[in-house]
Amino acid sequence: MASDHYARIYKVVRRIPRGRVASYGQIAELAGIPRHARQVGYALHHLSGDSDVPWQRVLNAAGEIAKRAYPEDARWQRDLLEEEGVEFDVRGRVLRKYFWKPRGRRRQPD
DNA sequence: AAACTGACTAATA
DNA sequence: CTATTAGCCAGTT
């Protein structure tokens with residue numbers, strides 16, 4: 001059940017700017033719990049639907065929407081991201097320029 | 001307590 | 001570039 005890690009995870013995810021995305025591993029690292037990528041996904045799974053946490057901005061390390069039990073949820077996630085301006089390539093991967101770079105924010109997408 | 005599970009990853013081939 | 005493998009770790013059964 002909800003461990004204290006969840007709060008750390010949600011806190012970091014909320015920092016992801018609109019129109020940007022981050023990976024599970026990246027979130028875990030920033031939350032101060034390295035190698036807990038899977039737990040990040042687990043924590044987000046408990047939300048999906050009702051919260052102020054922008055769960056849709058979290059993808060796997062390859063920049064793709066993580067494979068889920070219900071494909072409809074993946075489509076929903078993609079729609080949400082495209083709504084905030086994130087673009088995907090033909091293969092279903094988010095373009096590099098949308099990856100969130102904490103602190104070292106250099107250029108805006110486009 | 002032991003085995004199983006999963007919205008993960010990095011390393012190899 | 002894609003596919004396979006082994007490591008990962010909290011939550012469930």
Side-chain angles (χ1 to χ4, degrees):
Chain A
M1 297 303 212
S3 68
D4 298 318
H5 289 179
Y6 281 31
R8 287 168 170 271
I9 292 168
Y10 298 147
K11 191 173 180 181
V12 175
V13 173
R14 272 192 280 263
R15 299 222 315 267
I16 307 174
R18 180 188 171 76
R20 292 293 184 93
V21 298
S23 73
Y24 297 94
Q26 186 178 6
I27 296 302
E29 179 96 41
L30 291 171
I33 49 177
R35 290 173 194 81
H36 284 234
R38 303 188 87 141
Q39 290 318 114
V40 172
Y42 206 72
L44 295 182
H45 176 76
H46 270 286
L47 295 172
S48 111
D50 60 327
S51 75
D52 56 323
V53 180
W55 57 272
Q56 72 273 25
R57 298 177 192 151
V58 186
L59 318 170
N60 64 27
E64 330 175 89
I65 290 175
K67 178 70 173 148
R68 320 246 282 313
Y70 295 90
E72 53 184 39
D73 289 333
R75 192 181 70 68
W76 175 26
Q77 178 171 7
R78 176 162 175 158
D79 287 341
L80 286 173
L81 288 175
E82 294 186 319
E83 235 177 86
E84 46 186 77
V86 176
E87 302 173 282
F88 294 74
D89 64 17
V90 204
R91 194 72 166 63
R93 292 191 321 174
V94 168
L95 305 190
R96 275 243 168 106
K97 62 185 191 178
Y98 295 108
F99 289 8
W100 179 40
K101 297 166 170 57
R103 301 195 192 192
R105 207 163 5 113
R106 290 285 139 110
R107 349 158 30 196
Q108 303 307 317
D110 187 46

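Letters A, B, ... are given to chains in the order of the sequence lines, protein chains preceding strands, and every chain is numbered from 1. This one's a predicted model, so the numbers in the text were calculated from it and none came from an experiment.
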May I ask you to say whether A/R57 pairs ionically with A/E84, meaning some side-chain N is under 4.0 Å from a carboxylate O? yes

Residue pairs passing the salt bridge (Lys or Arg N to Asp or Glu O under 4.0 Å) test with at least one member in residues 8-17 of chain A, sequence neighbours excluded, are A/R14-A/D52

Could you give all pairs that pass the ring-ring contact (aromatic ring centres under 6.0 Å, His included) test and reach residues 13-40 of chain A, with sequence neighbours left out? A/H5-A/H36

Any side-chain N or O of A/S23 less than 4.0 Å from the OP1 or OP2 oxygen of B/dT9? yes

Separation between CH2 of A/W55 and CG of A/L44, rounded to the nearest 0.5 Å: 9.0 Å

Hey, is the main chain of A/S51 close enough, under 3.5 Å, to the side chain of A/Y10 for a donor-acceptor pair? no

Kindly say whether A/V58 contributes a backbone atom to a donor-acceptor pair with the side chain of A/Q77 at under 3.5 angstrom? yes

Write down the distance between [atom1] ([X]) and [atom2] ([N]), rounded to a whole number of angstrom.
X	N	atom1	atom2	value
A/H45	B/dT5	NE2	C1'	11 Å
A/L80	B/dA7	CG	C1'	14 Å
A/D4	C/dA10	CG	C1'	13 Å
A/I9	B/dC8	CD1	P	13 Å

Give the table of side-chain donor-acceptor pairs shorter than 3.5 Å for residues 59-70 of chain A, with sequence neighbours excluded, one pair per line with atom names and distance.
| unit_1 | atom_1 | unit_2 | atom_2 | d |
| --- | --- | --- | --- | --- |
| A/N60 | OD1 | A/A62 | N | 2.9 |
| A/N60 | OD1 | A/G63 | N | 3.1 |
| A/N60 | OD1 | A/E64 | N | 3.0 |
| A/R68 | NH2 | A/D73 | O | 3.1 |

Identify whether NZ of Lys or CZ of Arg in A/R78 sits under 6.0 Å from the centre of the six-membered ring of A/F88 and within 45° of that ring's axis. yes

So, using ring pair (Phe, Tyr, Trp, His ring centres under 6.0 Å) as the criterion, who are the partners of A/Y42 when residues are at least two apart? A/H46

Counting only heavy atoms and a strict 4.0 angstrom limit, can you tell me which residues of residues 24-36 of chain A come near DNA chain B? A/Y24, A/G25

Of the listed nucleotides C/dC1, B/dC8, C/dT2, the one nearest the side chain of A/A37: B/dC8

Contacting residues from residues 56-71 of chain A, given that a heavy atom lies under 4.0 angstrom of DNA chain C: none

For atom C1', what is the distance between B/dA1 and C/dT13, given to the nearest Å? 12 Å

Using heavy-atom distances to pick each residue's nearest nucleotide on DNA chain C, tell me which of A/Y42 and A/R38 is more 5'. A/R38

